[in-house]
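Just so it is clear: chains get the letters A, B, ... in the order the sequence lines come, proteins before strands, and each one is counted from 1. Computed from a predicted structure; not experimentally measured.
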Number of protein chains: 2
Amino acid sequence: MAKRKPTIHEVAHLAKVGIGTVSRVLNNHPSVRPETRNRVLAAMANLGYSPNPHARRVAGGRSYTVSFVLPVISTEFYNRLLEGIEHILTEERYEIALFPILSPSRLERYLESRSLAYQTDGLLVSSQGLAHLLPDQKFPTERPVVLVDAYSPRYDSAFMDNRLGGQMAALHLAQFPGAMFAIQVQEELDKVLKNTVGQERIEGFREGLRKAGKPLPSAHVFVSRFSAEGGRLALQHFLRLAKPPFNIFAGADLLALGVLEEAERQGLAIGEQVRLLGFDGHPWTAAKGLSTLAQPIEEMGAEAARMLLERIRGYKGSPRARRFEPTLVVRSSTQPHPVYAG
Amino acid sequence: MAKRKPTIHEVAHLAKVGIGTVSRVLNNHPSVRPETRNRVLAAMANLGYSPNPHARRVAGGRSYTVSFVLPVISTEFYNRLLEGIEHILTEERYEIALFPILSPSRLERYLESRSLAYQTDGLLVSSQGLAHLLPDQKFPTERPVVLVDAYSPRYDSAFMDNRLGGQMAALHLAQFPGAMFAIQVQEELDKVLKNTVGQERIEGFREGLRKAGKPLPSAHVFVSRFSAEGGRLALQHFLRLAKPPFNIFAGADLLALGVLEEAERQGLAIGEQVRLLGFDGHPWTAAKGLSTLAQPIEEMGAEAARMLLERIRGYKGSPRARRFEPTLVVRSSTQPHPVYAG
DNA sequence: TTGGGGTATGGAAGCGTTTTCTTTCAGAAA
DNA sequence: TTTCTGAAAGAAAACGCTTCCATACCCCAA
């Protein structure tokens, strides 16, 4: 029926070279003459050849696959993180196997050494607290492990300075008149995982405001699940506490979106009665005119992937820590709307 | 450093048999003496051996791995679905590779035939609309495909009768006095995927109410994202439209949870001023006293897994459709609280 | 006793790659 | 011219399995 896929032998035969040469072309080995390489590439294109990844794994003794353990809470964040990771890994012909911690019970399974997650060449882990749950804070594997958006002194880490982000938020919002408010993200899974990202952002904010002489009352912090609707409820809550103008630091862009929706519903002018600063820097914030602390999420993922590849290739140095900083992006949500002269 | 994984040769040596025999044990070949088989199994356990799926793939053409393509929206639902699937597959020593469609761009990648998703022995797909996006509504693979929580005439399907669920909700709620309300789930990704699950439930509800002579005004349907806070906003919205008692059909348990939270905050008595019916039958609904339409999610996943295994093993019949029905579970949220006699 | 037919098993071949080992050949140094 | 060096490329040996083939053995009928 379905005719068999062409193999390396057929390519070799058509290009009149040995299979070794075809393999070298496949792996970008330097010692192939450009002319030969082109002949091989032409033969591949001609036959519609693509290498059998399984054979490659068997022969190479490596799986050419990397595990990525992630909580699936903030989909856009993790999607961008994955994007950055993938960008680097696919360049090197590596695949990514995803292990989302859908629930506490799945989490436990991933902690066992028999888990499929450890059958790959290396592990990317982006759950801060995961390490805390492990005996000795070490993953049950000899394979390299790199943390993304998390930090541990035991492993290479690429992480965001969330506290600094909160401080930057404070510095920016403190200049405006009106009371200060904050929305902190807190998810179910976060407790199990001891994920303190949401907390760090708000702590940084509180710290920055204190330094600026405008301390943040605890009643002005609304704790919410991670959803746009949470932002709407937060604004409703704030309206019960005080009168505009408000200066609101939302711990995530998605929450800020909810605030925007609710402000519109309530007829509050964004940038004047409600000044709003998000966190993440997701692409859609531009269209909404939302000021935000843009995180270099993709770069962070890419850097983690690079470190992991180095480890897989035998690098033995002591754990490296790569810190990333958010950037303040000011848009109309923290600036009065320009008034166009007629 | 990291000692290599044991191979079939080491198992054979330890069990004092040939590698052929070990392989036969792995594949449940009938002609192995029970005594020999036990010796081999003991050796495997002893060495912590597990077969290399890539080698199996190269040698035998099967990888004993199945791909599961899923949107990551409703985590609890998919977690339970996965649970059901895993239960069957692990029994047969199959592994599961997850492919969450985190975003439209990832979706596109999964539609390409080169994707890792198609390198396995078969595909489980639980995204209704995915098929619609494919040329000719066919996945680019010769391997068997089975749909879960979705239906297509082209493939084996295991799906829930959501419309019937809506009708059952109507039948149950119509008996009570007071106005009828509904909360419909609608997610971003749903549009791309043409996922009509939320819609079907509400349509069934509307249909059932019409038959019961209590038609549902369109204004009484609140469309929400999939989050607890959406339920809270829904109840706030309903309170602006009318006075209790309310009869509310929430398109998902998670939304019902938000309604419960908001009702408590507003001091409304559940089961009297607010009668509430969820959809899903998640375990936690029992503790909350939430009436719900329980879906046999695990069984649906298990059945899909079984069908896929049959296909992988060569079954060639025409596409089969397995329909599942929700069950009404009545709890205190649709019954007045019992008054205990002193 | 001999032969036939099954069952249990060991070992070799083969899957499509990577990697190592050789061989070939061109060009630089003597 | 001869020798040496290194680059290019073919051939062969893994990689860890499945599967096929051959052999050894046992039981039963002739």
A.B. asks: Show every donor-acceptor pair shorter than 3.5 Å between a side-chain atom in residues 42-53 of chain B and any protein atom, with sequence neighbours excluded, or say none if there are none.
C.D. replies:
from	atom 1	to	atom 2	distance (Å)
B:Ser50	OG	B:Lys5	NZ	3.2
B:Asn52	OD1	B:His54	N	2.7
B:Asn52	OD1	B:Ala55	N	3.1

A.B. asks: Does some side-chain heavy atom of B:Arg322 sit less than 4.5 Å from a side-chain heavy atom of B:Phe159?
C.D. replies: no

A.B. asks: Please confirm whether the backbone N or O of A:Gly317 pairs with a side-chain atom of A:Arg311, one donor and one acceptor, at under 3.5 Å?
C.D. replies: yes

A.B. asks: Apply side-chain hydrogen bond (donor to acceptor under 3.5 Å, both in side chains) to A:Ser157 and list each qualifying residue two or more places apart in sequence or on a separate chain.
C.D. replies: none

A.B. asks: Is there any salt bridge (charged side-chain N to carboxylate O under 4.0 Å, His left out) pair reaching into residues 50-61 of chain B, and which pairs are they, with sequence neighbours excluded?
C.D. replies: B:Arg57-B:Asp121

A.B. asks: So where does chain B start and stop touching DNA chain D, 5' to 3', when the test is distance under 4.0 Å to a non-hydrogen atom?
C.D. replies: D:dG16 to D:dC20

A.B. asks: Going by salt bridge (charged side-chain N to carboxylate O under 4.0 Å, His left out), name the pairs with one or both residues in residues 21-35 of chain A, residues two or more places apart or in two chains.
C.D. replies: A:Arg33-A:Glu35

A.B. asks: Counting N and O atoms only, with roles assigned by atom type, does the side chain of A:Tyr110 sit under 3.5 Å from a partner on the main chain of A:Pro100, one being a donor and the other an acceptor?
C.D. replies: yes

A.B. asks: Considering only heavy atoms, which members of residues 27-41 of chain A lie under 4.0 Å from some atom of DNA chain C?
C.D. replies: A:Asn27

A.B. asks: What's the spacing between A:Ile85 CD1 and A:Leu70 CG if we round to 0.5 Å?
C.D. replies: 8.5 Å

A.B. asks: Do any of residues 11-23 of chain A sit with a heavy atom less than 4.0 Å from DNA chain D, and if so which?
C.D. replies: A:Lys16, A:Val17, A:Gly18, A:Ile19, A:Gly20, A:Thr21

A.B. asks: How far does CD1 of B:Ile8 sit from NE2 of B:His13, to the nearest 0.5 angstrom?
C.D. replies: 15.0 Å

A.B. asks: Is a donor on one side and an acceptor on the other found under 3.5 Å between the side chain of A:Thr90 and the backbone of A:Glu86?
C.D. replies: yes

A.B. asks: Ignoring hydrogens and angles, write down the donor-acceptor pairs under 3.5 Å from the side chains of residues 91-99 of chain A, residues two or more places apart or on other chains.
C.D. replies:
from	atom 1	to	atom 2	distance (Å)
A:Glu92	OE1	A:Arg313	NH2	3.0
A:Arg93	NH2	A:Leu26	O	3.3
A:Arg93	NH2	A:Asn27	OD1	3.3

A.B. asks: List in numerical order all residues of residues 45-65 of chain B for which some heavy atom is under 4.0 Å away from an atom belonging to DNA chain C.
C.D. replies: B:Val58, B:Ala59

A.B. asks: Heavy atoms, side chains only, cut-off 4.5 Å: are A:Asp149 and A:Phe77 in contact?
C.D. replies: yes

A.B. asks: Please give the angle, rounded to 10 degrees, between the axes at the start and the end of the helix from C:dT1-D:dA30 to C:dA30-D:dT1, where five pairs define each axis.
C.D. replies: 60°

A.B. asks: Closer than 4.0 angstrom, basic N to acidic O: yes or no for A:Arg306 and A:Glu303?
C.D. replies: yes

A.B. asks: Using the test side chain to side chain contact (heavy atoms under 4.5 Å, CB included), find all partners of B:Ser31 that sit at least two apart in sequence or belong to another chain.
C.D. replies: B:His29

A.B. asks: May I have the distance from A:Arg24 (atom CZ) to C:dG16 (atom P), rounded to whole angstrom?
C.D. replies: 20 Å

A.B. asks: Who passes ring pair (Phe, Tyr, Trp, His ring centres under 6.0 Å) against A:Tyr118, sequence neighbours left out?
C.D. replies: none

